[in-house]
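Naming convention: chains lettered A, B, ... in sequence-line order (proteins, then strands); numbering from 1 in each chain. The figures that follow rest on heavy atoms only: side chains count, while hydrogens, waters and symmetry mates do not.
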Amino acid sequence: DGGITQSPKYLFRKEGQNVTLSCEQNLNHDAMYWYRQDPGQGLRLIYYSQIVNDFQKGDIAEGYSVSREKKESFPLTVTSAQKNPTAFYLCASGTAGKPQHFGDGTRLSIL
Amino acid sequence: AQSVTQPDIHITVSEGASLELRCNYSYGATPYLFWYVQSPGQGLQLLLKYFSGDTLVQGIKGFEAEFKRSQSSFNLRKPSVHWSDAAEYFCAVGPSGTYKYIFGTGTRLKVLA
């Protein structure tokens, strides 16, 4: 079945460490997205990419980085510059004007 | 600026009662509108969408929503709620022809047995 796979489901970060969250899709969607979800704040867009080798900052990009080397993959790195990384991270994919499809999320916590 | 407002943070209903979750949007033209549902620790699942045409749209799990242009609203309804409907619900707007979407802050639904 087509879908979006996020891994790992749970991730722990030590102080000063960068961590990378994986997102893979086999829906042949052009666009991919990363959202951060905190209680009571809905979904906030971190980065999105419309095509390979191109991506745009969302509303809260500081402390995060992404790459889009393949259409199927859009990994998110949470850098040590992100001082409050504890959150639920959701990856999505889609095409223009159509509903987004979401993965099951990665919960990141600080050790 | 484009925005989506879900005025109710929490709603509690009894099982079998009717449900209406509110969503208001701000956008210059008719946007694409969506409702998603999220169970704890899970991703978002699409309930229904509105692009054009009939303003009353049917979705999965017995949900429906009505687009009212004059009120800039897209409220979600269900005639009889089941305990399994307890979850968080998100309204979203996506301007046609673009890749960027805006989500509301969500409404958490609690269902009493």
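- Atom CG of A:L27 is surrounded by more than 12 heavy atoms from other residues, nucleotides or ligands within 6.0 Å.
- One hydrophobic cluster, built from ILVMFWY side chains closer than 4.5 Å, cannot hold both A:L43 and A:V78; they sit in different ones.
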- Message: Run the side chain to side chain contact (heavy atoms under 4.5 Å, CB included) test on A:Q100 and B:F103 for me, step by step, so that the C-alpha distance in whole Å, both residues' side-chain angles and the decisive distance to 0.1 Å come before the verdict.
- Response: CA-CA 11 Å; A:Q100 294 181 328; B:F103 286 80; 3.6 Å; yes
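- A:F74 and A:V52 sit in two unconnected hydrophobic clusters of ILVMFWY residues. Membership requires side-chain heavy atoms under 4.5 Å apart, directly or through other members.
- In this structure, A:K14 places its NZ atom where only 12 or fewer heavy-atom neighbours from other residues, nucleotides or ligands lie under 6.0 Å away.
- In this structure, the separation between OG1 on B:T105 and CG on A:D38 is 12.5 Å, given to the nearest 0.5 Å.
- Only the side chain of A:L45 comes within contact range of chain B, judged by heavy atoms closer than 4.5 Å.
- For residues 35-58 of chain B, a heavy-atom distance under 4.5 Å to chain A picks out B:Y36, B:Q38, B:G41, B:Q42, B:G43, B:L44, B:L46, B:K49, B:F51, given by residue number.
- For a residue to count as touching a neighbouring chain, one of its non-hydrogen atoms must lie under 4.5 Å from one of that chain's; by this rule A:Q37 touches chain B with the side chain only.
- Under the 4.5 Å side-chain heavy-atom criterion for Ile, Leu, Val, Met, Phe, Trp and Tyr, B:I60 and B:L33 are members of the same hydrophobic cluster.
- Under the 4.5 Å side-chain heavy-atom criterion for grouping Ile, Leu, Val, Met, Phe, Trp and Tyr, A:I46 is not connected to A:Y48 through any hydrophobic cluster.
- A:L90 and A:W34 end up in different hydrophobic clusters when Ile, Leu, Val, Met, Phe, Trp and Tyr side chains are linked at under 4.5 Å.
- Shown here for B:Y101 and A:T95, the closest heavy-atom pair between the two residues is OH-O, 3.4 Å.
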